[in-house]
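Notes follow the structure.
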Amino acid sequence: MVLKVSRPANADNSGVYRRPQVLLRPVRCDEIPGILGKPKSYPAPVRPVGANYSQTRCVASDGGTALDMGGLSKILEFDDGCVRAQAGVRVGALVRALAERGLELPLTPEIGNISVGALSVTTLPQPSYGPGLAQLSSCVTEMKLITPQGKQMTVSERQRDLMRVLRSSFGMLGIVHEVVLRVRPLTPVKIDYQALPLADFAARFDEITTAPGALRLHLSSFQDRVTVERRTLDEEANVGRSGIWQIRNSVMRNVLPAFGSSVGSVLSAPGMRHAVLSGVQRALRATLDRAASGVVMHAHDWMRDLPEEAWKARYTYSLWAFPERDFPRIVGEYFAFCRSHQKQHRYRCNVVSGSSRLHQDRGSLFSVSYAGAACTIEPSSAGERGWDDFLIDFNDFASACGGTPTFNQTRSLLREHVSKALGDRGRLFRQLRNRTDPLNRLQNSYFAALLG
Ligand SMILES: Cc1cc2nc3c(=O)[nH]c(=O)nc-3n(C[C@H](O)[C@H](O)[C@H](O)COP(=O)(O)OP(=O)(O)OC[C@H]3O[C@@H](n4cnc5c(N)ncnc54)[C@H](O)[C@@H]3O)c2cc1C
């Protein structure tokens with residue numbers, strides 16, 4: 001039976017403002033049509049909520065009805081080359097269940113909190129191994145959803161265009177309750193690091209991107225350095241649980257944000273603060289240097305479950321993607337932008353910026369590598385004072401450089417950023433939405449402002 005969950009109307013677990021009037025937790029998919037069909041009891045917007053881990057208000061159901069999909073949490077079937085799961089299953093639970101059977105997703109994110117429903121309809125780019133598969137939704141081969149009119153619908157890869165639109169729909173074309181994902185045999189991944197001065201990175205960029213493997217980059221703006229993390233699939237390699245990798249994860253995700261946060265709150269003099277932060281950056285480099293000799297692991301080993309409530313992670317980031325061919329120049333301009341922002345506003349991010357190399361992927365309309373191969377820049381922070389203003393300026397910088405944002409991971413977006421990056425793709429989505437949901441049951445104010 002659908003559960004009405006009581007909680008204060010202004011509760012906000014994520015640090016991002018949301019204010020539903022009604023919060024429901026369906027436990028069967030056939031409860032959803034009844035909710036969509038009763039606008040008086042369950043006011044618009046009706047917004048499905050997965051892990052509530054997005055960096056933006058894409059999930060917000062201000063004054064409307066939030067559907068916590070966590071009640072639909074069964075992995076239903078492991079079949080030949082695929083797995084069927086309900087929308088509320090967390091990707092961490094799914095990946096572990098697959099690993100027990102010697103299987104894995106073709107792409108594995110670093111956090112396990114993401115729900116399978118959100119994975120299928122949002123933009124989650126990951127370091128990619130080849131064309132056509134650079135974001136998690138491209139692993140989805142079938143979706144079952146309830147349309148805004150309360151109709152049951154099943155869409156598969158055979159309906160390529162419809163699938164492309166649904167994979168970018170953020171719950172605005174229907175509530176997804178079941179998903180089929182492609183899987184493959186568990187394959188060891190060899191991981192190597194190479195720390196390069198920016199000039200060397202730029203000079204060797206073609207060689208770096210044409211060599212096999214997926215690339216995750218770590219951009220140190222104030223040291224003018226790029227650390228290249230290469231992940232190569234290697235069926236023959238022996239997997240050894242590596243302490244170094246655990247240290248790397250811990251430094252990247254725990255130590256740096258925590259350190260930055262305490263530095264930010266304890267030291268007010270910018271000169272001293274930056275001296276300490278540089279020490280942290282040096283510690284990070286030393287850790288990566290120790291790991292440079294090569295580590296072999298399975299992808300699920302790098303996945304971590306963050307706290308249930310996103311704000312407790314004390315880590316926040318934003319994400320834009322840029323055409324791969326321009327990336328060395330853009331990294332140089334990004335470093336210069338960070339320095340000039342610091343000079344002008346006395347603020348600098350206290351965590352290295354991440355970056356993923358993405359092959360072209362047209363599997364979804366809002367894929368950030370839709371037009372061609374791309375690389376992301378992901379400034380990260382513990383969310384200290386100055387971060388929000390930094391992002392406002394960074395968005396203008398990124399948009400001027402021809403960047404593409406996402407609706408779930410790019411903070412402080414403006415409508416002009418979206419229309420410049422998405423152009424016809426945004427207009428096409430808007431037209432489809434207006435036709436399929438004329439009563440606006442599913443669209444919230446966030447998307448109305450950016451796309452509507
Ligand atoms: C600290 C932190 C670290 C992170 N690190 C990473 C990382 O390393 N790699 C990475 O890929 N991601 C990372 N993310 C997650 C990323 O920001 C995702 O945007 C987010 O987790 C999406 O999954 P979710 O289940 O939380 O979706 P939610 O935030 O709950 O929802 C996202 C969108 O999907 C819609 N939706 C949810 N469920 C359904 C459904 N069943 N049917 C239709 N629509 C639905 C919602 O309405 C909303 O529009 C991180 C997030 C945080 C906060």
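Index from 1, following the sequence. Everything numeric in this text was worked out from a predicted model, so none of it was measured.
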Discussion item. With no hydrogens and no angle check, just 3.5 Å: does a side-chain donor-acceptor pair link T232 and Y129?
Written reply: no
Discussion item. Less than 4.0 angstrom from a charged side-chain N to a carboxylate O is my criterion; do E308 and R90 meet it?
Written reply: yes
Discussion item. Tell me whether T436 contacts the main-chain N or O of L173 through its side chain, where contact means a donor paired with an acceptor under 3.5 Å.
Written reply: no
Practice prompt. Report the distance from atom CD1 of I75 to atom CD of Q86, rounding to the nearest 0.5 Å.
Written response: 10.0 Å
Worksheet item: If every non-hydrogen atom of P127 is compared with every non-hydrogen atom of L215, which pair is closest and at what distance?
Response: CB-O, 3.6 Å
Worksheet item: Any idea which heavy atoms bring P48 and G171 closest together, and the distance?
Response: CG-CA, 4.2 Å
Worksheet item: Side-chain contact, heavy-atom cut-off 4.5 Å: V183 with L105?
Response: yes
Item to complete: Find out whether L94 and L98 are in side-chain contact, i.e. whether some heavy atom of one side chain is under 4.5 Å from a heavy atom of the other.
Response: yes
Worksheet entry | Rounded distance [0.5 Å steps], CD in E324 versus CD1 in I330 | 11.5 Å
Worksheet, complete the sentence: Between F222 and R339 the two heavy atoms that sit nearest each other are CE2-CG, 3.7 Å
Discussion item. Checking R433 against N440 for the side chain to side chain donor-acceptor pair (under 3.5 Å) test, could you report, in this order, the C-alpha distance in whole Å, the side-chain angles of both residues, the deciding distance, and whether it holds?
Written reply: CA-CA 9 Å; R433 232 206 67 72; N440 269 336; 2.4 Å; yes
Worksheet entry | D68/R47 salt bridge by N-O under 4.0 Å criterion | no
Worksheet item: Is any side-chain heavy atom of L103 closer than 4.5 Å to a side-chain heavy atom of L186?
Response: no
Worksheet item: Parallel, tilted or perpendicular: which fits the ring planes of F407 and F170, with parallel below 30° and perpendicular above 60°?
Response: perpendicular
Item to complete: Could you please spell out the steps behind the side chain to side chain contact (heavy atoms under 4.5 Å, CB included) verdict for S168 and T123?
Response: CA-CA 7 Å; S168 297; T123 310; 5.5 Å; no
Worksheet item: Counting distance only, does the side-chain N/O of S54 pair as donor-acceptor with the main-chain N or O of T56 below 3.5 Å?
Response: no
Item to complete: Return yes if some donor-acceptor pair links the side-chain N/O of Q409 with the main-chain N/O of T406 below 3.5 Å, else return no.
Response: no
Item to complete: Please report the C-alpha distance between H298 and V189 in whole Å, then the side-chain angles of each, then the deciding distance to 0.1 Å, and finally whether the side chain to side chain contact (heavy atoms under 4.5 Å, CB included) criterion is met.
Response: CA-CA 6 Å; H298 286 127; V189 186; over 6 Å; no
Worksheet item: Do R415 and L451 come within less than 4.5 Å of each other through their side chains, counting heavy atoms only?
Response: no
Item to complete: Evaluate the side-chain proximity of S221 to V331: yes if any heavy-atom separation is below 4.5 Å, no if none is.
Response: no
Worksheet item: If you draw a 6.0 Å radius around CD in E235, do more than 12 non-hydrogen atoms from other residues or ligands fall strictly inside?
Response: no
Practice prompt. Could you grab the distance from atom OG1 of T227 to atom CG of L219, nearest 0.5 Å is fine?
Written response: 8.5 Å
Worksheet item: Heavy-atom distance under 4.5 Å between the side chains of E333 and C401, does that happen here?
Response: yes
Worksheet item: Does W302 have R216 sitting over its ring (NZ/CZ under 6.0 Å from centre, angle to axis within 45°)?
Response: no
Discussion item. Parallel, tilted or perpendicular: which one describes the rings of H345 and H341, with boundaries at 30° and 60°?
Written reply: tilted
Worksheet item: Rounded to the nearest 0.5 Å, how far apart are CD1 of I146 and CG of L442?
Response: 11.5 Å
Fill in: Side-chain donor/acceptor of S115 to backbone N/O of A118, under 3.5 Å
yes
Worksheet item: Between S381 and G383, what is the shortest heavy-atom contact and its length?
Response: OG-N, 2.6 Å
Worksheet item: Is there a side-chain contact between Y53 and I111 (heavy atoms, below 4.5 Å)?
Response: yes
Worksheet item: Looking at Y193, does the NZ or CZ of R230 lie under 6.0 angstrom from its six-membered ring centre and within 45 degrees of the ring axis?
Response: no
Discussion item. Counting C-beta onward and ignoring hydrogens, is there a side-chain heavy-atom pair between L413 and W320 closer than 4.5 Å?
Written reply: yes
Worksheet item: Does a salt bridge link E110 with R231, judged by any charged N lying under 4.0 Å from a carboxylate O?
Response: yes
Fill in: Partners passing salt bridge (Lys or Arg N to Asp or Glu O under 4.0 Å) against D396 (at least two apart in sequence or in another chain)
none
Worksheet item: Taking all non-hydrogen atoms of both residues, which atom of L145 and which atom of V176 are closest, and how far apart?
Response: CB-CA, 3.9 Å
Worksheet item: Are the side chain of S367 and the backbone N or O of S364 linked by a donor-acceptor pair below 3.5 Å?
Response: no
Worksheet item: Cationic tip of R385 within the cone over Y347's six-membered ring, i.e. under 6.0 Å and within 45° of the normal?
Response: no
Discussion item. Looking only at the aromatic ring of each residue, does the gap between the centers of F366 and Y370 stay below 6.0 angstrom?
Written reply: no
Discussion item. When you measure from the side chain of R84 to the backbone of E77, do you find a donor-acceptor pair of N or O atoms at a distance under 3.5 Å?
Written reply: no
Fill in: Identified side-chain contact (heavy atoms from CB on, under 4.5 Å) counterpart of S356 within the set Q126, E378, Q135
E378
Discussion item. I'd like to know whether CZ of R325 has more than 12 heavy-atom contacts from other residues, nucleotides or ligands below 6.0 angstrom.
Written reply: no
Fill in: Candidate pair T141 and M163, rule side chain to side chain contact (heavy atoms under 4.5 Å, CB included), full reasoning
CA-CA 8 Å; T141 60; M163 198 65 168; 5.6 Å; no
Worksheet item: Just by distance, do the side chain of K74 and the backbone of A85 share a donor-acceptor pair under 3.5 Å?
Response: no
Discussion item. Please determine whether a side-chain nitrogen of the Lys or Arg among E157 and R182 lies less than 4.0 Å from a carboxylate oxygen of the Asp or Glu.
Written reply: yes
Worksheet item: Which value, rounded to the nearest 0.5 Å, describes the distance between S138 atom OG and L124 atom CG?
Response: 10.5 Å
Worksheet, complete the sentence: Taking every heavy atom of P43 against every heavy atom of V46, the minimum-distance pair comes out as O-CG2, 4.0 Å
Worksheet item: What is the ring orientation for F327 with F205, classed by angle as parallel under 30°, tilted 30 to 60°, or perpendicular over 60°?
Response: tilted
Worksheet item: Is a side-chain donor-acceptor pair under 3.5 Å present for E229 with H218?
Response: yes
Worksheet entry | Mutual orientation of the aromatic rings belonging to F397 and F337 [parallel < 30°, tilted 30-60°, perpendicular > 60°] | parallel
Worksheet item: Is it true that D437 and R441 make a salt bridge, defined as a side-chain N closer than 4.0 Å to a carboxylate O?
Response: no
Worksheet item: Which residue, I35, L67, L36, forms the side-chain contact (heavy atoms from CB on, under 4.5 Å) with Y42?
Response: I35
Discussion item. Taking M172's backbone N and O only, do any of them form a donor-acceptor pair with S169's side chain (distance below 3.5 Å, no angle check)?
Written reply: no
Worksheet entry | Heavy-atom donor-acceptor pair, N395 side chain to I392 backbone, under 3.5 Å | no
Worksheet item: Any donor-acceptor pair under 3.5 Å linking the side chain of T147 with the backbone of K151?
Response: yes
Discussion item. Side chain to side chain contact (heavy atoms under 4.5 Å, CB included), that's the test. Do S369 and H359 meet it? Break it down for me.
Written reply: CA-CA 7 Å; S369 59; H359 290 83; over 6 Å; no
Item to complete: Answer yes or no: is there an ion pair linking R96 with E100, defined by an N-O contact shorter than 4.0 Å?
Response: no
Fill in: K420 side, atom NZ; T404 side, atom OG1 - distance, nearest 0.5 Å
9.5 Å
